[in-house]
Every structure is written in C-alpha cells, then in structure tokens.
Q: 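My questions will all concern the structure given below.
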Amino acid sequence: MLYAQHAKKPFDEAHTDKPTAKPALDFSAALGAAGAAAPGLIWGLDFAPDGSHETAPCSAAPTGRFRWLHLNLADHGTRSWIEQSTLFPVPARELLLSSDSHQRALVDSTSTDSTSADGAQSIAVCCILHDFERDFDVRDTARVGALRVAILGNLIVTARRHPLGAADIVKQRVENGARITGPAAALDLLVSALTQNIDMVIRDLSVDMQAAEDAYLDGHRPPTSRNLLDIRRRLAQIHRMLDGAQRVFRRLEQDDDLPETLQPTVEKLSQRLQGLDADALAVQGQLRLLRDELDLQQDQRTNQNLYLLSVMTALMLPATLVTGLFGMNTGGLPFSGAHGTLIAAGIAAGTALATYLFLRSKGFFR
C-alpha cells in the first residue's frame, strides 16, 4: 500500500532563548550514540559546494558538506546503526528497516537531532522505490529490489538488501563529474539513474519486439504467443514499477510539509516517470498488435483446415453411402456378377464427382 505520513513536533519553548545557528546536522551526537555499531557502508561521499567530492565515513561529521551514505541492509551492523542512531525520526527508521518493500512515501517532521543552518527544524523525506537487481556479471536479472531513501537536511541515506543497478549508475556519474549541491540534486541524480536503468531494459525489450515483428513480416520462423510471453511479463513488471513510483511522487507533490527546495525536483521527476511509463506502454501496445496478428493468423489456419476437412467429408459421404448399401450382405443385391465390384466402385466415384460439381456450382471452391 502506498501512503504518506506526517508527524508534527510540539513547540519547545526552551529553545526560544537560544537563537544561535546550529550545524545542518548534529552528526557528532548522533553518531556517538551508535558508535558501537559499524554499518555496512557500500560507499559514502561528501560533496563540497564547488562540486568536488571525497570519500565519507560514518563516524565523523561532514563539516558543512552534503553527505550521501549508501548502506547494505543485509549487514547486521547497518540495522543496528540505524536503530541506535538519533539521526532518524522513528517513522523514517521504521521505513528503512521494515520488511515491507511496497513503494510508498513518507514526510516526517518529528523531533530529531537535525536542524537547518538557521536553527529551523529539518524535515525527513523518505520513500521506497523499486529497481532491478543486478549480479556481478549480469546487468539485468529481472528481479525487482527495494531501494530505501531517507533525506535528512544535508544528509541522504540510501539502503538496499541486494545490489541494484541505480546505485552503480549514481556512483559512475559522480566519478564522471556529476555535481551534487544538496538534497534536490541528489534526489534528481538518484531517480535519473533509476529511470536510466529501467529505460535500458525497455530499449532491449523494444529491440526484441521489433525483431519479432520483422520475423512475422518475413514469414521465416514467425514468433509464437509463447515466445512473446516473456516480453509481455517484463513489460507488465516495468509498468507496475513505474506506476508505483509515479504514485510516490504524486503523494510527495500533494504533501504540504514537503520542503520547498524539493518541490520543483519532485514535479520534474514525476513527469519524467510518466514519460518513461508511456514508452513502456507503447512497446506493450506493439506487442498487443503483434499478438492479435498472430492469433488472427492462427484462427485463419484453423478455419482453413476445418474447411478442407468439411469438403473432404462432403465428397466422401455419397461414396460411403454406396459402399454401405452394397455391404449389407442381403439377398437380391444388384451387380452380384463378375464385374459387380467395378460397377459399385464406379457408382461411388460418380456420386463423389457429382457432389464435387454441385459444391463447385454453389461457390464452395472459389
């Protein structure tokens, strides 16, 4: 089920007499609470305002930079670190650790140790998106995995249980010079990588679809419905993934607590997912047309076979009647002389020929 959650923090008057600005995230206190638990960090990066980046650990503050941590949920240390860290509000922690992998969104302003640079409280924006898993030597495994995302001020945490294609694309783009200046740019890069991974699968399916159409038009080994079943299954899988992702971003768009810095990015990504889903539906439409053509061809072949069978039955019916008449073994049968068999065969052939001429005169052989 797809849902959005809201949690409001009560006003704390104790902070009104301390207007001094705080760092974007109080990492030192939050990480110290979880110092005994080392998370399974796949990669971590700190991004400077000028676009440069460097490797980031989980045990030190980002010193004013934007940090991206990509974690492995299959590592027990990761789950312990998330459970003990005060960086995450309770709803965000539950979303990251939940066994439920349905795509959904969450916007939460519950009390955390994170505040913006002007002392205002930051808002946690979390979601679960689906992406294709990958192995070391296989780019597309056709298995769908969950990518969990939590944006907390100047920190974004992504976590997965199995390797996903989008995370590798993000790392490659960053190494190639992609600039990340804040949470909006990070979310844009992440969803762009996810859509690129899905788009590559759609293009592969489109190529397979065109090859099947060419084989059908050429008449050499035309595809069967069974051959097209795998393409149909993958397209349905992709449509469900993209439809769920569109629902996630529509819910974020409609959420009044969504930070203003993320609103333009969320709207743009929602439109991008809609366009990608339209591409998948276009390939699905081509597949439906090809399957209709194959079914029509199969129906025509079946009707032709039934037609030939019906004609053969009509031609042989009079001959069968003649042979049945002479096979009664009763007294007084005609043509019982030496040439009776030839005469009976001639009569049977003559009735078959007369039936053929009759059917032809009625247009059955046109």
Side-chain angles (χ1 to χ4, degrees), residues 1-9 24 66 68 88-96 98 100-110 112 114 116 120-131 144-160 164 166-167 169-170 173 178-199 202 237-282:
M1 172 182 286
L2 185 66
Y3 63 89
Q5 290 184 342
H6 310 273
K8 300 293 184 181
K9 177 184 177 182
F66 181 78
W68 190 330
F88 307 99
V90 174
R93 186 181 299 118
E94 291 177 350
L95 182 140
L96 290 173
S98 172
D100 185 6
S101 61
H102 290 89
Q103 298 188 89
R104 59 188 186 275
L106 180 149
V107 179
D108 185 87
S109 57
T110 306
T112 65
S114 57
S116 62
Q121 184 182 353
S122 65
I123 298 176
V125 179
C126 309
C127 62
I128 297 179
L129 300 172
H130 284 175
D131 189 19
V144 177
L147 177 64
R148 302 170 190 271
V149 184
I151 301 176
L152 307 163
N154 64 340
L155 170 71
I156 179 173
V157 176
T158 54
R160 53 74 172 167
L164 301 175
I169 295 175
V170 167
R173 288 189 179 182
R179 293 173 58 91
I180 297 180
T181 57
L187 182 62
D188 189 5
L189 178 62
L190 178 64
V191 179
S192 297
L194 188 147
T195 55
Q196 176 183 339
N197 191 39
I198 297 177
D199 184 55
I202 294 177
Q237 181 186 53
I238 290 173
H239 175 64
R240 287 194 298 267
M241 292 171 59
L242 293 175
D243 183 66
Q246 289 179 77
R247 292 174 182 271
V248 167
F249 283 93
R250 279 199 297 267
R251 289 296 180 90
L252 290 177
E253 284 185 73
Q254 299 168 0
D255 200 301
D256 295 334
D257 288 338
L258 183 70
E260 294 183 358
T261 55
L262 291 179
Q263 288 178 355
T265 302
V266 168
E267 293 175 359
K268 180 181 68 174
L269 294 176
S270 179
Q271 295 176 0
R272 185 179 302 173
L273 289 168
Q274 185 177 0
L276 188 60
D277 191 26
D279 294 340
L281 291 177

Q: Between R247 and D243 (salt bridge meaning N to carboxylate O under 4.0 Å), is one present in this structure?
A: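 Judged by the 4.0 Å cut-off on N to carboxylate O distance, R247 and D243 do form a salt bridge.
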Q: Less than 4.5 Å apart, side chain to side chain, heavy atoms only: is that true for T181 and F66?
A: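 SC-SC contact between T181 and F66 ruled out.
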Q: Rounded to the nearest 0.5 Å, what separates atom CG in L252 from atom CG in D257?
A: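 Those atoms lie 11.5 Å apart.
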Q: How far does CG of L95 sit from CG of L106, to the nearest 0.5 angstrom?
A: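 Atom-to-atom, L95:CG and L106:CG are 6.0 Å apart.
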Q: Let me know which of M241, H102, R240 forms a side-chain contact (heavy atoms from CB on, under 4.5 Å) with H130.
A: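 Single side-chain contact (heavy atoms from CB on, under 4.5 Å) partner of H130 among M241, H102, R240: M241.
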Q: What residues, two or more places apart in sequence or in another chain, satisfy side chain to side chain donor-acceptor pair (under 3.5 Å) together with D199?
A: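 With sequence neighbours excluded, D199 shows a side chain to side chain donor-acceptor pair (under 3.5 Å) to R203, given in chain and number order.
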Q: Could you pull out all donor-acceptor pairs under 3.5 Å where a side-chain atom in residues 261-270 meets a protein atom, sequence neighbours excluded?
A:
| residue | atom | partner | partner atom | Å |
| --- | --- | --- | --- | --- |
| Q263 | NE2 | L258 | O | 3.4 |
| K268 | NZ | D188 | OD2 | 2.7 |
| S270 | OG | E253 | OE2 | 3.2 |

Q: Taking D108 for the side chain and P91 for the main chain, is one N or O donor matched with an acceptor at less than 3.5 Å?
A: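 Side chain of D108 to backbone of P91: no pair is present.
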Q: So, for C127 and V248, which heavy atoms are closest and what is the spacing to 0.1 Å?
A: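 Heavy atoms only, the tightest pair is CB-CG1, 3.9 Å.
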Q: Report, as yes or no, whether the 6.0 Å neighbourhood of atom CD on Q274 holds more than 12 heavy atoms from other residues, nucleotides or ligands.
A: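 For Q274, atom CD is not crowded (no more than 12 foreign heavy atoms under 6.0 Å).
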Q: Short question: side chain of R148, backbone of S98 - any donor-acceptor pair under 3.5 Å?
A: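 It does hold such a pair.
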Q: Which residue is it: L273, L194, T158? I am looking for the one with a side-chain contact (heavy atoms from CB on, under 4.5 Å) to L129.
A: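 By the side-chain contact (heavy atoms from CB on, under 4.5 Å) criterion, L129 pairs with just one of L273, L194, T158: L194.
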Q: Just so I know, are the side chains of V125 and P259 near enough to count as touching, which here means a heavy-atom distance under 4.5 Å?
A: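 Yes, at least one pair of side-chain atoms sits under 4.5 Å.
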Q: Under the rule for side chain to side chain donor-acceptor pair (under 3.5 Å), what residues qualify as partners of R160, not counting sequence neighbours?
A: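 Once residues adjacent in sequence are excluded, the partners of R160 under the side chain to side chain donor-acceptor pair (under 3.5 Å) criterion are N72.
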Q: Pick from L164, V191, I128: which one makes a side-chain contact (heavy atoms from CB on, under 4.5 Å) with L147?
A: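 Among the candidates, only L164 passes.
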Q: Please report the interatomic distance CZ(R173) to CG(L189), rounded to the nearest 0.5 Å.
A: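 Rounded to the nearest 0.5 Å, the CZ-CG separation comes out at 6.0 Å.
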Q: Measuring from D255:CG to F249:CZ, what's the distance to the nearest 0.5 Å?
A: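 These two atoms lie 13.5 Å from each other.
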Q: Work out which heavy atom in A166 is nearest to a heavy atom in A193; give both atom names and the distance.
A: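 Between these two residues, the closest heavy atoms are O-CB, 3.5 Å.
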Q: Which distance, rounded to the nearest 0.5 Å, do you find between the CG of D131 and the CD1 of I169?
A: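 Rounded to the nearest 0.5 Å, the CG-CD1 separation comes to 7.5 Å.
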Q: What distance separates I198 CD1 from I202 CD1, expressed to the nearest 0.5 Å?
A: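 The CD1 atom of I202 is 7.0 Å from CD1 of I198, to the nearest 0.5 Å.
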Q: Any side-chain heavy atom of I156 within less than 4.5 Å of one from L187?
A: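 Answer no - side chains too far apart.
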Q: For F88, is there any backbone N or O sitting under 3.5 Å from a side-chain donor or acceptor partner on R93?
A: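 The answer is yes, because a donor-acceptor pair under 3.5 Å joins these two groups.
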Q: Is there a donor in the side chain of S192 and an acceptor in the side chain of R272, or the other way round, less than 3.5 Å apart?
A: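 Present: a donor and an acceptor within the cut-off.
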